[in-house]
Amino acid sequence: MPLQRAGTQYNLGTALAIRGQREARTARLEQAVEAYRAALSEWTHDREPLQWAGVLGNEGMALLTLAERTEDPAQARQALEQLTLAEATLRRSGHIPWADYYAGQIPAARELVDRLSAGPP
């Protein structure tokens, strides 16, 4: 039951991401990213576009927090790309509240990319 397993991985990723937001360490966020990626292996854009976009966006949020904590510009760029793609996919599909949520995260992601790409002050 691969699609159900993907749902379980998505839920696990969400739980780990919430815990990771509350902890100073990055281990839970890294585990959340792994769980989201496991979900994306089954919830592909072609098979389940709405679930795919939601997982992609949530993974982007976890990556954004990781990038901020580790000061990793590559992770920040990846987070921005994922948030942008999730927002566009959801908007095209008519899921405006979800699209608006990710759209609201994009400015912070851009700001982080710019700050980390500029290097130390």
Side-chain angles (χ1 to χ4, degrees):
M1 301 177 142
L3 295 179
Q4 288 80 3
R5 189 175 6 177
T8 300
Q9 290 297 311
Y10 171 75
N11 290 334
L12 176 60
T14 300
L16 289 165
I18 291 168
R19 267 193 84 183
Q21 293 287 339
R22 297 176 183 163
E23 297 176 353
R25 299 179 330 214
T26 61
R28 297 278 187 253
L29 290 168
E30 292 165 358
Q31 292 168 345
V33 169
E34 289 176 25
Y36 286 138
R37 288 182 180 164
L40 288 171
S41 71
E42 293 299 329
W43 282 353
T44 63
H45 182 269
D46 292 336
R47 186 185 295 168
E48 300 286 342
L50 296 179
Q51 286 86 346
W52 173 85
V55 176
L56 191 72
N58 283 2
E59 181 187 349
M61 292 301 300
L63 287 169
L64 188 62
T65 303
L66 276 170
E68 187 170 24
R69 290 185 185 172
T70 62
E71 298 186 350
D72 184 336
Q75 271 186 335
R77 283 189 294 276
Q78 183 180 358
L80 175 58
E81 289 173 16
Q82 288 184 213
L83 291 169
T84 302
L85 189 53
E87 185 268 337
T89 301
L90 291 164
R91 194 164 302 284
R92 274 194 312 273
S93 299
H95 290 272
I96 304 308
W98 287 3
D100 287 347
Y101 171 75
Y102 293 120
Q105 309 307 311
I106 290 171
R110 280 195 185 113
E111 183 179 309
L112 184 61
V113 167
D114 291 345
R115 181 172 59 82
L116 294 177
S117 296

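All residue numbers in this chain count up from 1 along the given sequence. From a predicted model like this one, the values you see are computed outputs, not experimental measurements.
Between Gly104 and Pro107, the shortest heavy-atom contact is O-CD, 3.6 Å. Ala17 and Ala32 get closest at one heavy-atom pair: N-CB, 3.6 Å. Shortest non-hydrogen contact noted between Gly60 and Ala79 is O-CB, 3.3 Å. Closest approach of Thr89 and Pro49 over heavy atoms only: CG2-O, 4.0 Å.
Annotation: the span from Leu3 atom CG to Thr8 atom OG1 amounts to 11.0 Å, rounded to 0.5 Å. Taking CG from Leu116 and OG1 from Thr70, the interatomic distance works out to 8.0 Å, rounded to the nearest 0.5 Å. With values rounded to the nearest 0.5 angstrom, Tyr101 atom OH is found 8.5 Å from Leu83 atom CG. Atoms CG and CD, from Leu40 and Gln51 in turn, are 11.0 Å apart once rounded to the nearest 0.5 Å.
Looking at Ser41, its side chain does come within 3.5 Å of a backbone N or O of Ala38 through a donor-acceptor pair. The main-chain N or O of Gly54 is found under 3.5 Å from a side-chain atom of Tyr102 such that the two form a donor-acceptor pair. The main-chain N or O of Val113 is never found under 3.5 Å from a side-chain atom of Arg77 such that the two would form a donor-acceptor pair.
Residues satisfying the salt bridge (charged side-chain N to carboxylate O under 4.0 Å, His left out) criterion with Arg19, sequence neighbours excluded, are Glu23. By the side-chain hydrogen bond (donor to acceptor under 3.5 Å, both in side chains) test, Asp72 pairs with no residue at all, sequence neighbours left out. With sequence neighbours excluded, no residue forms a side-chain hydrogen bond (donor to acceptor under 3.5 Å, both in side chains) with Glu68. Looking at residues two or more places apart in sequence or on another chain, you find a side-chain hydrogen bond (donor to acceptor under 3.5 Å, both in side chains) between Thr14 and Tyr36. Take Glu48 and apply the salt bridge (charged side-chain N to carboxylate O under 4.0 Å, His left out) test, not counting sequence neighbours, and it matches no residue. For Gln21, the side-chain hydrogen bond (donor to acceptor under 3.5 Å, both in side chains) partners are Thr65, not counting sequence neighbours.
For residues 50-74, the pairs satisfying ring-ring contact (aromatic ring centres under 6.0 Å, His included) are His45-Trp52, with sequence neighbours left out. Sorted pairs that involve residues 66-88 and meet ring-ring contact (aromatic ring centres under 6.0 Å, His included), not counting sequence neighbours, are lacking altogether. Pairs engaging residues 59-96 under the ring-ring contact (aromatic ring centres under 6.0 Å, His included) rule: His95-Trp98 [sequence neighbours left out]. Sorted by first then second residue, the salt bridge (charged side-chain N to carboxylate O under 4.0 Å, His left out) pairs that include residues 92-105, not counting sequence neighbours, are Arg91-Asp100.
Taking the side chain as every heavy atom from C-beta outward, Leu29 and Val33 never approach each other to under 4.5 Å.
Under a 4.5 Å side-chain heavy-atom criterion applied to ILVMFWY residues, the cluster that includes Ile96 comprises that residue alone. The hydrophobic cluster of Ile18 has no other members, since no ILVMFWY side-chain heavy atom comes under 4.5 Å of it.
With Glu42 as reference, Arg47 is the one residue of Arg47, Arg5, Gln4 to meet the side chain to side chain donor-acceptor pair (under 3.5 Å) rule.
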